[in-house]
Trainee: 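Have a look at this one.
As the structure is a computational prediction, the values presented were derived from the model and not from experiment. In listed order, ligands and their atoms are each counted from 1.
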Amino acid sequence: MTLDFEKDFLIEELKKRKPKKVLVQLAEGIKKNSPEISQWIEELGIECIFSGETCWGACSVSVQEAEAIGADLIVHFGHAQFIPTDFPILYVEVKDHLDLTPLLEKSLPFIEKYKTIGFSFSIQHRHDLKGITEFFEKRGKKVILSKNIGNVAYEGHIVGCQYEGLKAIQNEVEAFVIMGNQFHSMGAVLAVKKPVILIDVYNDDVRGMEGLRNKILKQRVISIERLKEAKNVGIIIEIKPGQQFGSPKLLLKKLRDAGKNAIVITMSELTPDKIMNFYSIDAFVELACPRIALDDYAKYEKPILTYREALVAIGEKSWDDILEAGIV
Ligand code: SF4
């Protein structure tokens with residue numbers, strides 16, 4: 001993995017925009033690169049402050065933080081734009097320059113029996129898209145990119161909570177190939193009904209994702225059953241601008257109508273320690289990143305559900321409805 005922080009683009013944009021003070025947000029895996037980035041920005045005479053808050057996706061744009069420190073621009077590294085904001089944000093997507101040929105070769109046995117594949121990539125590989133599609137097409141495959149639907153920035157771009165673009169092409173393809181990491185492909189296998197193959201660039205591996213699907217579905221059924229039995233329920237909302245998956249007001253009413261003692265709790269980020277002292281709450285429904293409920297099952301003592309799963313627990317939707325629409 002050789003990351004390109006697009007220094008020339010960054011400097012050109014900063015010279016054009018002329019900010020006095022910037023708040024820099026770095027995706028979690030690249031926070032270690034803050035010293036060199038600080039040097040590039042400060043050499044231009046711009047004050048530079050780094051956000052120490054977690055930044056798992058471009059849903060986490062720290063507008064409140066930027067306003068609190070008096071910054072006039074946010075520079076967000078490692079993600080593409082996810083939501084529109086009034087506050088000025090410069091997105092630097094960060095490219096991964098990697099020789100993908102060995103991994104693409106490795107993926108061929110996994111897609112041997114498929115003629116048409118759906119393809120999606122994490123943002124760091126967008127610049128390689130032409131080469132990747134040509135590689136597959138030269139080997140007789142038809143490649144269809146996932147659609148640009150919802151908050152994804154480009155055709156083929158994949159984000160861990162937005163799978164409508166994959167669902168839109170699933171009837172045209174026999175399998176999906178995802179280039180990126182397990183996070184994106186695990187969401188895909190829960191969203192679509194076709195086989196999902198991950199080209200895992202970070203672990204130099206290619207694998208099918210089917211095994212994980214069944215394990216997660218079992219966990220989801222257990223969580224739904226626990227919410228059915230719960231008396232006290234906490235609805236968790238986060239203040240991150242891109243993390244509003246469902247209306248807390250509406251859900252509160254629905255849960256109360258179903259006989260639950262429900263309350264709404266707000267926080268900057270849901271973590272196990274933050275909910276520990278709400279020990280009278282039997283189950284939580286989170287309207288923040290849906291992947292917290294799905295991926296972090298083992299981290300929480302109490303069940304954590306998504307909005308749609310909560311609707312199953314109160315009998316408004318069936319489990320089959322959810323499976324039909326896709327878990328994510
Ligand atoms: S809500 Fe979750 S999955 Fe979606 S962009 Fe944010 S961190 Fe990623």
Trainee: Below a 4.0 angstrom heavy-atom separation, can you tell me which part of Q162, side chain or backbone, both or neither, approaches ligand 1?
Mentor: neither
Trainee: Can you spot which of K253, K260, K254 makes a salt bridge (charged side-chain N to carboxylate O under 4.0 Å, His left out) with D257?
Mentor: K253
Trainee: How about Q25 and Y91: does a side-chain donor come under 3.5 Å of a side-chain acceptor?
Mentor: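 Their side chains do not contain a donor-acceptor pair, so the 3.5 Å distance test is not met.
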Trainee: Report yes or no: does C59 have an N/O/S atom closer than 2.8 Å to atom 6 (Fe) of ligand 1?
Mentor: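 Within the cut-off used here (under 2.8 Å), C59 does place an N, O or S atom near atom 6 (Fe) of ligand 1.
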Trainee: Tell me, which protein residue and heavy-atom name are nearest atom 4 (Fe) of ligand 1, and how many Å apart are they?
Mentor: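 For atom 4 (Fe) of ligand 1, the nearest protein heavy atom is C161 SG, 2.2 Å.
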Trainee: Kindly give the heavy-atom pair with the smallest separation between I46 and P19, and that separation in Å.
Mentor: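 Nearest pair, atom of I46 first, then P19: CG1-O, 3.5 Å.
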Trainee: Do you see a donor-acceptor pair shorter than 3.5 Å between the side chains of K141 and T133?
Mentor: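 There is no such pair between these side chains.
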Trainee: So which protein heavy atom does atom 2 (Fe) of ligand 1 come closest to, and at what separation?
Mentor: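 Here the nearest protein heavy atom works out to C289 SG, 2.3 Å.
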Trainee: Quick one: which ligand 1 atoms are inside 4.0 Å of a heavy atom on Q243?
Mentor: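 Listed by number with element: 1 (S), 6 (Fe).
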Trainee: For atom 5 (S) of ligand 1, which protein heavy atom lies nearest, and how many Å away is it?
Mentor: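 Its nearest protein heavy-atom neighbour is V159 CG1, 3.6 Å.
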Trainee: Using a distance-only test with no angle check, is there a side-chain donor-acceptor pair under 3.5 angstrom linking T101 and D99?
Mentor: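 A donor-acceptor contact under 3.5 Å links the two side chains.
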